[in-house]
**Student:** 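Sharing a structure, written as structure tokens. Questions coming.
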Amino acid sequence: MNRFAYARPATIADAAQLLARPGAKAIAGGTNIVDLMKEGAETPDLLVDLRRLPLHDIRETDGGGLSLGALVPNADTAYDERVSERFPLLAHAILAGASAQLRNAATNGGNLNQRTRCYYFYDTATPCNKRAPGSGCGAIGGVNRIHAVLGTSEQCIATHPSDMCVALAALDARVKVHGPDGERVIDFGDYHRLPGDDPSKDNTLAAGEIVTAIDLDAFDCGHNWTYLKLRDRLSYAFALVSVAIALRIDGDTIVEARIALGGVAHKPWRVVEAEALLAGKAPDDALFATVADRILAGARGHGDNDFKVELARRVIVRALGQAVAGTPQTIADKRIA
Amino acid sequence: MATALSSPTSRIGDPLSRVDGRLKTTGLANYAADFPVEGLTYGVVVSAAITKGRITAIDATAARAAPGVIEIVTHENRPDVVDKDKVWQDMVAPKGSPFRPLGDAEIRFAQQPVALVVADTFEAARHAATLVDIRYEAASHVTDLTEAEAGAYNPKGDGTYSPEKSRSDLANPLGNTKAHVEKVYQEAAHRVSGRYTLAPEHHNPMELFASTAIWKPDGSLFIHDKTQGAQNSATYLAGIFGLKPEQVHVVAPFMGGGFGVGLRPQYQLFLAAIAAKMIERPVKVVMTRQQMFSHQYRPNVIYDIAIAADQAGRLQAIRSDCVGATSRFETFAENIVDWCARGYRCDNIALDYRVAPVDTYTPGSMRAPGAATALNLFEIAMDELAYEVGIDPLELRLVNYTSKDEISGQPFTSKALDKAYAEGAERFGWSKRVHAPRAMTDGRELVGWGMATGVWETLFQAHAVRARLRPDGVLEVATASADIGTGTYTIMTQIASEEMGMPVDRIDAQLGDSTLPKAPVEGGSWGAASIGNALVLACTALKAKLLKAARKIDDSPLANAAIEQVEFVGGQIRVKNDPARAIDLTDLVTTEGGPIEVEETGSPKMLEAAKKARNTHQAVFVEVKVDEQLGQIRVTRVVTAVAAGRIINPKTARSQILGGVVMGIGMALHEETMMDHRLGRFMNHNLAEYHVPAHADIADIDVIFVDEPDHEVNPLGIKGLGEIGIVGTAAAVANAIFHATGVRVRDLPITSDRLL
Ligand SMILES: Cc1cc2nc3c(=O)[nH]c(=O)nc-3n(C[C@H](O)[C@H](O)[C@H](O)COP(=O)(O)OP(=O)(O)OC[C@H]3O[C@@H](n4cnc5c(N)ncnc54)[C@H](O)[C@@H]3O)c2cc1C
Ligand code: SF4
């Protein structure tokens, strides 16, 4: 771990100013950044602790929406009654992640900005374009069981590991950020980015910007939602593939479908054209398979993770069935509905 | 370990709660890194960035200039120590030339320690460690066992593998039977053959390796170490530093898990000692979790198995041929290929075992070394054979049941595996099993029932135990062995309590200190039997000595009493048929004016039946539910019936089996250290990505101890339980998965993608 300065600003403006300095990095719950610093994968000169900022609330917004403060712990968010009643998909996705202890410490802003779990990213003795641009990608041709099958580049095949963000993508959340030039709002789909030629950037946050809140508009899908996560053990592991689904169904007809995939790309993966295939249709497995194929168009494995393409297809089909039936996957029962 | 709880006496067989449980759960138990030390400094290990090659330059200028840095130890400035292989070979070292930390410029394995940065604070040392600039010249390496297999050799060096003792009644005596076995195999009614593999596994105990070294003004060395053998660490350091054994004092009262990785001294021990010598201050070195992947591991293997049986399932031929990984500098060999030939009756067997050197640190023993690898793979093949023959898998085991060790020809001191099969099957409901795979379902999930057999050795090692009645009336019982989390303090307390008739809270069991009476490393499940029996000897001798002292007291009520006429009850010696004639033990030592003590050694010589086989067994039954489409496997039920002689403490015994079974489930489904062979580096070197079972992966585990009286194995009839729980469990899971899905996986772990 390197030596670093530490600041604990009391206002968002001060925080933004501090974070605009080169080498500055935010810390919230610290469950990710501290690990990365211990391994030398992150070496900030200045650590800006956000925890004094007034971002600790979940607020009501117009029309039954909610604004989730960036510093609200993941656990408090999931167990907030308004969240669990209005956005059970989000609550379940959060609870499908990490462990109780981690969720108590981890914050909403930190969850969005957590970095990939790529083994090479963590190990400074290995090449990694994300950590050390230009050094190469260790995972391509290496150990890549947990890596991406969609939206990859020649430079990087990392995934964004969050569960929460998969639900937020499906819910069309907006990310409120504050920077040296004031506030701006980013559609969730535009928040994270694909690696392209610059894998060092996970998202579209500019220097000095911090996430202040995540805004959700009311979205009522009744019981027709699910968060289904497949992983290498039954709890406390990152997703190999996960899917968040929210359907609005009228009688026998799907009115609107939202489908986001986790564990397969550098960002939560949504394909609106695929979702559109469901609109106005009656649910059936053949249709689900077509939708899955459409979502996974162009998906490609890199060796160890080849299985993810087929797994993702099956997970989508199964989860669509759960959502249509109004039997969301429960967290407690590990049996998959 | 005196407990705070006031307690009655305890007997062998009581479910006494851990006497150190309170210390552990309240954080009062000091583990290796927990001891406060005056003037302590902190050492942080710099790990090599390459896998093989040499260091060409070290620039420590920036690191030395960093605030708080005291010293940077590298091979360039490390003081000389004794360099002979013999002193570097610890008590349980395999053949070869042990690794010397910072010994030279050569890099032999990934993450090899290449420097130790010592500073006033841990933070300063950790920072400066990132500033040490090391240049390397890389050489090519091989870490892939399939590639290394070509260079595999017989670890005994004579080109052929033969078990220690060969059966003389074999139609074709062991040694040169390959062609014949092959012929029998080809002609048999039923055959199974294939290649089975196990991934490398790292022990990953919760507690990281840690050592604190303190050089005393008199030139002696005091150490806090994480180790399964305090005396092993002590003699190791004494040899290396040219000291007399009694000049090194190693203390290691608790261990946050060992599983075999603490049998050998790890490199932080030497590094702490050498650095402390250089800077003349105490140094503590704690490994990082990543560095826990830089030393011992359970070697991955390629195991070729062929089994043939007649129409009834009777084994006709076994070929058991395994290649395991070792390092280039030491030959780590395990007993793998002979377990199958010992446990099943078969007249034509060909065994071959080789090791293939790869560019890693030397693999080492991990819970049930050899047997866990062997039987968790061979028992999968047995399940395949059952389906080939068309009989129930349990029936196949019964058809081939034997009551003697089929290699040595020796009968067992006891073997209640038949009872274990019966009781386990009964409890599990095995008779309701539908033989055909894919025949049982629960909603969407396929249900599978699998079983397997586990075997482990009952070992016995010489241990000296001291029993000392202190003037405060407390009985100390002590040996230099360790409680590696298994409950040794507790069973010592129980045995002493029963023998001496003293309440549990007046017994102070002591372990984990090199100055205590001589003991080997704690491993191989030999602790309970070896220490227990030696402790009984010590108590017997102490009783005699106490009575002698009691008889000498003026007007002693026991003046003429012989040892057979007295009993030790309630902290007294009293005459059996006249309990009023009694002397309180505390009064006795007070009168004596000092402690009364004895030391006795229990050695393998005390075993009556030297020429008999001694083993523990388990019959393990597993239910899985598999979501076939998504590859999700849930182990929903485990029943294991264990035959392990006399159970000293059903509570700690059950915990040992639970731990073994959980580890077996991990071996079946989760544990795998993934190597990037291009880099020669284990990549998932953290606990987020190296998976062991989480709570959600573990459902109901029902442990049965079958009655297995054994008057021959050792006087107490104890067999040991630390390892048997893992042996066979992974195979039972794999077999249950086959039963559920019809998919046979011969490679462990069975990750979900293998079912897609
Ligand atoms: C063992 C383990 C298992 C886990 N398993 C899962 C899992 O299964 N699913 C899952 O989703 N997650 C999992 N996690 C990840 C966990 O969810 C994240 O570590 C956590 O959400 C990060 O939040 P934090 O507040 O602790 O962030 P920090 O560690 O404080 O920060 C993380 C990153 O976010 C930046 N940051 C923090 N707050 C802001 C802000 N307001 N604005 C801008 N940037 C910010 C920091 O600069 C840093 O780069 C796991 C973590 C661990 C250690
Ligand atoms: S996948 Fe991305 S994060 Fe991983 S090694 Fe390649 S560049 Fe680095």
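Because the structure is a prediction, the values reported are computed rather than measured. In what follows, chains are A, B, ... by sequence order, proteins preceding strands, each numbered from 1.
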**Student:** Please classify the contact of Leu630(B) with chain A as side chain, backbone, both or neither, using a heavy-atom distance under 4.5 Å.
**Tutor:**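 Both parts, backbone and side chain.
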
**Student:** Check whether Ile665(B) gets within reach of chain A through its side chain, its backbone, both or neither, counting any heavy atom under 4.5 Å.
**Tutor:**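 For Ile665(B), there is no contact with chain A at all, as no heavy atom is under 4.5 Å.
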
**Student:** Which one wins on heavy-atom pair count under 4.5 Å against chain A: Met683(B), Gln290(B), His685(B), Glu123(B)?
**Tutor:** Met683(B)

**Student:** Based on non-hydrogen pairs under 4.5 Å, which of Gly142(A), Ser235(A), Gly40(A) is most in contact with chain B?
**Tutor:** Gly142(A)

**Student:** Would you mind telling me which of Ala66(B), Gly443(B), Pro67(B) has the largest number of heavy-atom pairs within less than 4.5 Å of chain A?
**Tutor:** Pro67(B)

**Student:** Once you round to the nearest 0.5 Å, how far does CZ of Arg289(B) lie from CG of Asp35(A)?
**Tutor:** 12.0 Å

**Student:** What part of Arg678(B) lies closer than 4.5 angstrom to a heavy atom of chain A: side chain, backbone, both or neither?
**Tutor:**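 Just the side chain, heavy atoms under 4.5 Å.
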
**Student:** Hey, are Asp627(B) and Arg318(A) close enough for a salt bridge, meaning a charged N less than 4.0 Å from a carboxylate O?
**Tutor:** yes

**Student:** Can you measure from NE2 (His691(B)) to CZ (Phe238(A)) and round to the nearest 0.5 angstrom?
**Tutor:** 8.5 Å

**Student:** Could you check if a side-chain atom of Tyr120(A) sits within less than 4.5 angstrom of a side-chain atom of Leu679(B), using non-hydrogen atoms only?
**Tutor:**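 Contact flag for Tyr120(A)/Leu679(B) side chains = yes.
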
**Student:** Under a 4.5 Å heavy-atom cut-off, does chain A meet the side chain of His677(B), its backbone, both or neither?
**Tutor:**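 The answer is neither part of His677(B).
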
**Student:** Check whether more than 12 heavy atoms from other residues, nucleotides or ligands sit under 6.0 Å from atom CZ of Arg54(B), and answer yes or no.
**Tutor:** no

**Student:** Which atoms of Val692(B) are under 4.5 Å from chain A, going by heavy atoms: the side chain, the backbone, both sets, or neither?
**Tutor:**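 Val692(B) touches chain A through backbone and side-chain heavy atoms alike.
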
**Student:** Is a side-chain donor or acceptor of Arg145(A) paired with a backbone partner of Met674(B) at a separation under 3.5 angstrom?
**Tutor:**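 No.
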
**Student:** Taking the side chain as every heavy atom from C-beta outward, state whether Leu230(A) and Ser752(B) have any pair of such atoms under 4.5 Å apart.
**Tutor:**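 With C-beta onward as the side chain, the pair stays apart.
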
**Student:** Run the numbers on Glu689(B) and Tyr122(A) for side chain to side chain contact (heavy atoms under 4.5 Å, CB included), then give the verdict.
**Tutor:** CA-CA 11 Å; Glu689(B) 297 300 338; Tyr122(A) 271 78; over 6 Å; no

**Student:** Go through the steps to decide whether Asn684(B) and Val143(A) satisfy the test side chain to side chain contact (heavy atoms under 4.5 Å, CB included), and finish with yes or no.
**Tutor:** CA-CA 9 Å; Asn684(B) 56 331; Val143(A) 181; over 6 Å; no

**Student:** For chain B, which of Pro127(A), Ala98(A), Gly138(A), Ser99(A) has the most heavy-atom pairs under 4.5 Å?
**Tutor:** Gly138(A)

**Student:** Which distance, rounded to the nearest 0.5 Å, do you find between the CZ of Arg681(B) and the CG of Asp123(A)?
**Tutor:**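 Reported to 0.5 Å precision, the distance equals 4.0 Å.
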
**Student:** Main chain of Gln629(B), side chain of Arg314(A): is a donor-acceptor contact present, judged purely on distance under 3.5 Å?
**Tutor:**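 Yes, because the side chain of Arg314(A) sits within donor-acceptor range (under 3.5 Å) of the backbone of Gln629(B).
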
**Student:** Check whether Ile633(B) gets within reach of chain A through its side chain, its backbone, both or neither, counting any heavy atom under 4.5 Å.
**Tutor:**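 Interface part for Ile633(B): backbone (N, CA, C, O).
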
**Student:** Counting only heavy atoms closer than 4.5 Å, note whether Ile336(A) contacts chain B via side chain, backbone, both or neither.
**Tutor:** both

**Student:** What I want to find out is whether Asp753(B) reaches Lys308(A) closely enough, with some N-O distance under 4.0 Å, to be called a salt bridge.
**Tutor:**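 Looking at Asp753(B) and Lys308(A), the cut-off is not met.
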
**Student:** Roughly how far apart are Phe307(A) CZ and Arg754(B) CZ, rounded to 0.5 Å?
**Tutor:** 10.5 Å

**Student:** Yes or no on side chain to side chain contact (heavy atoms under 4.5 Å, CB included) for Gln632(B) and Leu234(A), after CA distance, side-chain angles and deciding distance?
**Tutor:** CA-CA 8 Å; Gln632(B) 182 180 276; Leu234(A) 296 177; 3.6 Å; yes

**Student:** If you draw a 6.0 Å radius around CD in Glu106(B), do more than 12 non-hydrogen atoms from other residues or ligands fall strictly inside?
**Tutor:** yes

**Student:** Between His670(B) and Arg233(A), is a side chain to side chain contact (heavy atoms under 4.5 Å, CB included) present by the stated rule, with each step listed?
**Tutor:** CA-CA 7 Å; His670(B) 309 120; Arg233(A) 60 183 165 197; 3.6 Å; yes

**Student:** When heavy-atom pairs shorter than 4.5 Å are enumerated against chain A, which of Asp697(B), Asp676(B), Thr130(B) gives the highest number?
**Tutor:**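 Of the options given, most contacts go to Asp697(B).
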
**Student:** Side chain, backbone, both or neither: which part of Ala337(A) has a heavy atom under 4.5 Å from chain B?
**Tutor:** backbone

**Student:** Only pairs of heavy atoms separated by less than 4.5 Å count here; which of Ala332(A), Gly141(A), Ala237(A) has the most with chain B?
**Tutor:** Gly141(A)

**Student:** If you measure from CE on Met1(A) to CZ on Arg126(B), what distance do you get to the nearest 0.5 Å?
**Tutor:**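 Reported value, rounded in 0.5 Å steps: 4.0 Å.
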
**Student:** Just wondering, are more than 12 heavy atoms of other shown residues or ligands nearer than 6.0 Å to NZ in Lys38(A)?
**Tutor:** no

